[in-house]
Amino acid sequence: MNNNYTTIDSLSQHTNREVSIAGWLYNKRGSGKIQFIIIRDGTGLCQCIIEKGKVSDELFEQLKHLGQESSLSVTGTIRADERSVGGYELAATDAQVICPAEGYPITPKSHGIDFLLKNRHLHLRSHLQWCIGKIRHTVIDAVRRFFNDNGFTLIDTPIFTAIAGEEQQSLFEVDYFGSPLHLTQTGQLHLESAAMSFGRVYCFGPTFRAEKSKTRRHLTEFWMVEPEVAFIELDGLLELAENFVSSIVARVLKDNKSQLETLGADIASLEKITPPFYRLTYTQCVEILTSERARGFLAGQLQEMQEQKQQTEAKIAELEKQQAGQIKQWQRDKNAAELIELRSELAEINTKIENNPKHAQLAAEFTWGKDLGGSDETIISQMHDKPVFVTHYPKQAKAFYMKTDRENEKVVLNFDLLAPAGFGEIIGGSVREDDYERLVARINEQGLNAENYEWYLDLRKYGSVPHGGFGLGIERTVAWITNQKHIRQCIPFPRMMDKVYI
RNA sequence: UCCCCGAUAGCUCAAUUGGUAGAGCGAGCGGCUGUUAACCGCUAGGUCGUAGGUUCGAGCCCUACUCGGGGAGCCA
């Protein structure tokens, strides 16, 4: 940095010294002859104390009327104080308003998601978004560190691509000098060819899927990291994946504890994320889903939710009764705020109660051969306290490139990794079919045009080896670690089905 | 594409069986020397998503449409 401002995250090194900080007005409170203004500078928050008499009267008045998100610099002495946000505060002697702001739309109170997304360019300044952004940064750094430290070579795969990794998926089509081309939905096929050169490789970049999915787990543009390894079998891939995910979580726990706390993440359960993870086959999952145990588990959940619903309704009724009677104004206001919260809580519980029997039915009627649905994965994941590998899916439900299990031709050597506590899938991967004839047969079976896959088939002609890899969704991983309901909070500028705000 | 829910002040939400549209926050003014989403008093702020219908009377009931939220399928 070549300016004279001290960053807020380094204030502890400047105790009892005079410094200047520069940032934006995050929040302020006034009390006659003293004002508390909280400044954010991108590295943290700092409370500045403005006392009448310690600064000029003109400045005191100016600061008193300064709007949220005005930019300014403040000079003063740093002192430790437990009452202050970061543990340190600045006793101001001078300040300079750089650009006053009026009517900033995002107030410190609650807002709806639609409003926040429309104001995404400003919402990024809010504290929770800042915490998520910091953790996303750590996750991405940990991803690169893990592969770079374990003998992997980074290979950048193309964004424009002629062939598809998964069949029957909608891809975004672009006009490429008059011919149709697609935006990549995976770097895997190209990565396989690179694995035959470098042995262990990975790619990391944006990926695009035109799936018309309106759920908390879907974006049309998201970031995915994909390792690919030559000479590896399914067991090796699972080990790689669990070490990889564990290293990411450990790194976030080390670097971002305070952000995790702010976001209300479940730190105790994150500390449990160490190898080995649970391993289930698809067939075992089907058994669990259709079992008495799963039925009981869901019924138990339903009962819990209904009790929760009754309690919430009772609380609402009690508060409404109070509101109708004669009570003090401050109590009335407090009740009103609590009612709003309870009502939205109730709406959420009702949705869950409504969905529970549907999901129970889907699980109970699950038959071998179908792909696991989102709700099925949620159930399996809720029944475990650590991530769960699900392996050996039916061949007909999976992509052409997955290697058929030679010991059971009905299934493929693939796996999904389900994050715990109902977060669902964060990784999908497989051993790749390495036999030329079998791969051609699979391509034809799925009605794909083998001509388009000539170069991919070449890899099976010239020194084919057992190999495999997987893809990890960055936003899903961040959402799981930070305890966010929706992955749109975990990417700075989310792109969703039929919707791009900014 | 299908199912469920919603749209009221800048924001978050209320409005009992259809009967004169309310609160908090935010904004403005004033008060208070340690606040933590501070607090207290006052002020301003609304064609109740759009179009039609039922009714003496519609924010509330009916129909269509638009937009949004959640879920299913599909997936990271």
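All values reported here derive from a predicted model rather than from experimental measurement. Here is how names work: the chains are called A, B, and so on, in the same order as the sequence lines, proteins then strands, and each is numbered from 1. Computation of the quantities below employed the complete heavy-atom set of this structure, encompassing side-chain atoms and omitting hydrogens, waters and symmetry-equivalent molecules.
- Summarising the geometry, the separation between CG on A/L66 and P on B/rG28 is reported as 11 Å, rounded to the nearest angstrom.
- Residue contacts shown for A/S375 are limited to sugar-phosphate atoms, with no base heavy atom under 4.0 Å away.
- Contact annotation for A/L472: no contact, since no heavy-atom pair falls under 4.0 Å across all strands.
- In the model, A/Q129 has a side-chain atom that pairs as donor or acceptor with a side-chain atom of A/Q489 under 3.5 Å.
- Base contact: A/D81 has a heavy atom under 4.0 Å from a base atom.
- Across all strands shown, A/L219 has heavy atoms under 4.0 Å from base atoms, whether or not it also approaches the sugar-phosphate.
- The phosphate of B/rA38 has OP1 or OP2 within less than 4.0 Å of a side-chain N or O from A/R29.
- Look at A/F36 and the base of B/rG34; the rings do not stack under the cut-offs of 5.5 Å between centres and 30° between planes.
- In this pair, A/F244 and A/F146 present their aromatic rings tilted. The plane angle is within the 30 to 60° band.
- A donor-acceptor contact closer than 3.5 angstrom links the side chains of A/Q382 and A/Q301.
- The distance between atom CD1 of A/I427 and atom P of B/rC75, rounded to the nearest whole Å, is 17 Å.
- Between A/Y282 and A/H392, the distance separating the two ring centers is not shorter than 6.0 angstrom.
- With both ends at atom P, the span from B/rC39 to B/rG26 equals 7 Å, rounded to whole Å.
- Atom C1' of B/rA7 sits at a distance of 16 Å from the matching atom of B/rA15, rounded to the whole Å.
- Here the side chain of A/K33 is nearest to one of B/rG69, B/rA76, B/rU33, namely B/rU33.
- In this structure, the CD atom of A/E221 is 14 Å from the C1' atom of B/rA76, given to the nearest Å.
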Practice task
For each nucleotide in nucleotides 7-15 of chain B, reading 5' to 3', give B when a protein heavy atom comes within less than 4.0 Å of its base, S when such contact involves only the sugar-phosphate, and - otherwise.
Solution key: ----SBSS-

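- Of all heavy-atom pairs spanning A/S70 and A/A101, the tightest one is OG-N, 2.7 Å.
- Contact check, A/H486 against B/rG69: no side-chain N or O comes under 4.0 Å of OP1 or OP2.
- Nucleotides B/rG22 and B/rA9 are separated by 14 Å at their P atoms, to the nearest Å.
- Remark: the A/Q35 side chain and the B/rU35 base include no donor-acceptor N/O pair separated by less than 3.5 Å.
- The residue A/S213 sits close to a base: some heavy atom pair falls under 4.0 Å.
- In this structure, A/K358 reaches neither bases nor backbone, as no heavy-atom distance under 4.0 Å exists between it and the strands shown.
- Remark: the A/E58 side chain and the A/Q62 side chain contain no N/O donor-acceptor pair separated by less than 3.5 Å.
- Here A/E377 lies in heavy-atom contact (under 4.0 Å) with a base.
- B/rG59 and B/rG52 are spaced 15 Å apart, taking the P atom of each and rounding to whole Å.
- In this structure, the CZ atom of A/R83 is 16 Å from the P atom of B/rA38, given to the nearest Å.
- The base of B/rC75 is paired with the side chain of A/R476 by a donor and an acceptor separated by under 3.5 Å.
- Residue A/E102 places no side-chain atom within donor-acceptor reach of the base of B/rG28, judged by atom type and a 3.5 Å distance cut-off alone.
- Between the C1' atom of B/rG73 and the CD atom of A/E365 lies a distance of 16 Å, rounded to the nearest Å.
- Residue A/T351 has its side chain nearest to B/rG70 when only B/rU33, B/rG70, B/rA72 are considered.
- A/Y393 carries A/K398 over the face of its six-membered ring, with the cationic atom under 6.0 Å from the centre and within 45° of the normal.
- Spacing between B/rU35 and B/rC40 at atom P, rounded to whole Å, works out to 15 Å.
- Looking at heavy-atom distances under 4.0 Å, A/G67 makes no contact with the nucleic acid at all.
- Under 3.5 Å, the side chains of A/Y401 and A/Q188 contain a donor-acceptor pair of N or O atoms.
- With both ends at atom P, the span from B/rG53 to B/rA44 equals 36 Å, rounded to whole Å.
- The 5' end of RNA chain B is approached more closely, in terms of each residue's nearest nucleotide, by A/I38 than by the other of A/D371 and A/I38.
- Rounding to the nearest 0.5 angstrom, the gap separating the CD atom in A/E211 from the OG1 atom in A/T220 is 9.5 Å.
- Of the candidate nucleotides B/rU35, B/rG71, B/rU33, B/rG71 has the atom nearest to the side chain of A/H359.
- As judged by a 4.0 angstrom heavy-atom cut-off over every strand, A/G428 is placed among residues touching the sugar-phosphate backbone only.
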Exercise for the section: Report the secondary structure of RNA chain B in dot-bracket form, marking unpaired bases with a dot and bases paired to a different strand with |, and treating Watson-Crick or G-U pairs with both distances under 3.5 Å as paired. Expected result: (((((((..((((.....[..)))).(((((.......))))).....(((((..]....))))))))))))....

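- Using a 3.5 Å distance cut-off with no hydrogens or angles, the side chains of A/E221 and A/T207 do not pair a donor with an acceptor.
- At the heavy-atom level, A/H127 lies nowhere under 4.0 Å from the strands shown.
- Side chains of A/Y501 and A/D114: a donor-acceptor N/O pair is present below 3.5 angstrom, by distance only.
- At a threshold of 4.0 angstrom between heavy atoms, the contacts of A/K212 include nucleobase atoms, whether or not backbone atoms are also involved.
- For A/I34, the side-chain atoms get nearest to B/rG34 when compared with the rest of B/rA76, B/rG34, B/rA72.
- Taking the six-membered ring where tryptophan is involved, the planes of A/F152 and A/Y202 are perpendicular, since the angle between them exceeds 60° and thus also 30°.
- Annotation: cation-pi geometry not satisfied between A/K64 and A/F60 (NZ/CZ under 6.0 angstrom from ring centroid, within 45° of ring axis).
- Checking B/rU33, B/rG30, B/rC75 against the side-chain heavy atoms of A/E211 singles out B/rC75 as nearest.
- Donor-acceptor pairing under 3.5 Å, judged by distance alone, is absent between the side chain of A/R488 and the base of B/rG70.
- For the pair A/N27 CG and B/rG26 C1', the computed distance is 12 Å after rounding to whole Å.
- Look at CD on A/E69: it is 13 Å from P on B/rA27, rounded to the nearest Å.
- Residue A/E82 is classed as having no contact, given no heavy-atom separation below 4.0 Å to the nucleic acid.
- Atom C1' of B/rU47 sits at a distance of 24 Å from the matching atom of B/rU43, rounded to the whole Å.
- A/Q68 comes within 4.0 angstrom of no nucleic acid atom, judged by non-hydrogen atoms across all strands.
- Using atom C1' as the reference point in both B/rC13 and B/rA72, the two lie 30 Å apart (nearest Å).
- Rounded to whole angstrom, the span from the NZ atom of A/K28 across to the C1' atom of B/rA38 amounts to 13 Å.
- Taking side-chain N and O atoms only, A/R216 has no distance below 4.0 Å to OP1 or OP2 of B/rA76.
- Remark: side-chain polar atoms of A/R495 are not paired, donor with acceptor, to backbone N or O of A/F208 under 3.5 angstrom.
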